[in-house]
Amino acid sequence: MRTWSDLDEFESFLDDGGMVEAGDDMPQVYRDEVFRFIEFHANSEMMGGLTERDWIPRAPGLRLKQIFLAKTQDEIGHAHLLYMVAADMGIKSRTEILEDLFDGRSRFHNVFHYQAVTWADQIAIAFLVDAAAFASQRAVFAECSYGPYKRVLKRIISEEGFHMRHGEEMLLRLSNGTDVQHEMFQAALDRWWWPSVQLFGPDSPPDDNLLRWKIKSERNEVLRHAYVQKYVPLLQGYGFVIPDPELREVDGQWLTGEIDWEPLKATMRNGGPDSARRIDTAARNWADTAWVRASLDAAIARRAA
Ligand SMILES: [Fe+2]
Ligand SMILES: [Fe+2]
């Protein structure tokens, strides 16, 4: 097995396009940080999937119910894949990762700490949040030195692409709808614009290890800027107002007003507006399904005996 005498040697291997696999030797700092990153992503898929699930009974019409059912399965499937990749890094078992999430000891994306108030919020989530997640995941996939993560990202991204297109279709229908529908989406946009922009995180630090180790391929502020360039004209084109009085166009570039990072920081402490309810719902879901895990374990034990 390839071993590393120091971090410099490992980093030059990564600079030459080297890929790391689960059983490979890797510096502990790389193992720890990549694990934390994948755990965060996995938890976000899990909490996102539970949000989608909440809306299956409320989705208007059979077609949309089917779509939300499929989307829920996609998101929970993404979480499953990522939890396997994370657990294989040998830091925490899958159960420990889940228990940390349900006990509020770990983190997940800021956007899943807010309440979806109306059906238009679900459209805003599909249009804005899935697109932001898609952009940030694609930027990880572009390089991604950790092989197992890169391989599951390929599938996740292809499914996220469908979610994004679905968001575009729903927004198009709504923007051609009644005045009430228009107002509903505007109200949802007022709630979801800033959380979506903040999903990319504050500016990357100059010494960001995840960039140096080719887990991320792009700085947070670059991705955020590209997102704003795409979504400001799109939303304005549909006749909506971006809730940012300082938004301006300078030399063909859209610049936002100063971003208040306090809401993001609060979500990272699990102190967002809907954090407690969401974590509690997820924890109860885990507790309510304990009998399924126990039955499966018992069946496996019986077969082995
Ligand atoms: Fe997903
Ligand atoms: Fe998605």
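One-based numbering, in listed order, for ligands and for the atoms of each. Position 1 is the first residue of the sequence; numbering continues from there.
Annotation: cation-pi pair K150/F141 present, NZ/CZ under 6.0 Å from the ring centroid and within 45° of its normal. Cation-pi geometry between K71 and F68 is met: under 6.0 angstrom from the ring centre, within 45 degrees of the axis.
For F185 and Y238, the ring centers are positioned 6.0 Å apart or more.
For the Fe ion (ligand 1), the nearby protein N/O/S atoms, meaning those under 2.8 Å, are E45 OE1, E75 OE1, H78 ND1, E160 OE2.
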Does the side chain to side chain contact (heavy atoms under 4.5 Å, CB included) test come out yes or no for D244 and W194, once each step is laid out?
-> CA-CA 9 Å; D244 176 0; W194 286 113; 3.5 Å; yes
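Distance alone, capped at 3.5 Å, places no donor-acceptor pair between the N43 side chain and the F108 backbone.
Residues R63 and E169 are paired through a salt bridge, judged by an N-O separation under 4.0 Å between the basic side chain and the carboxylate.
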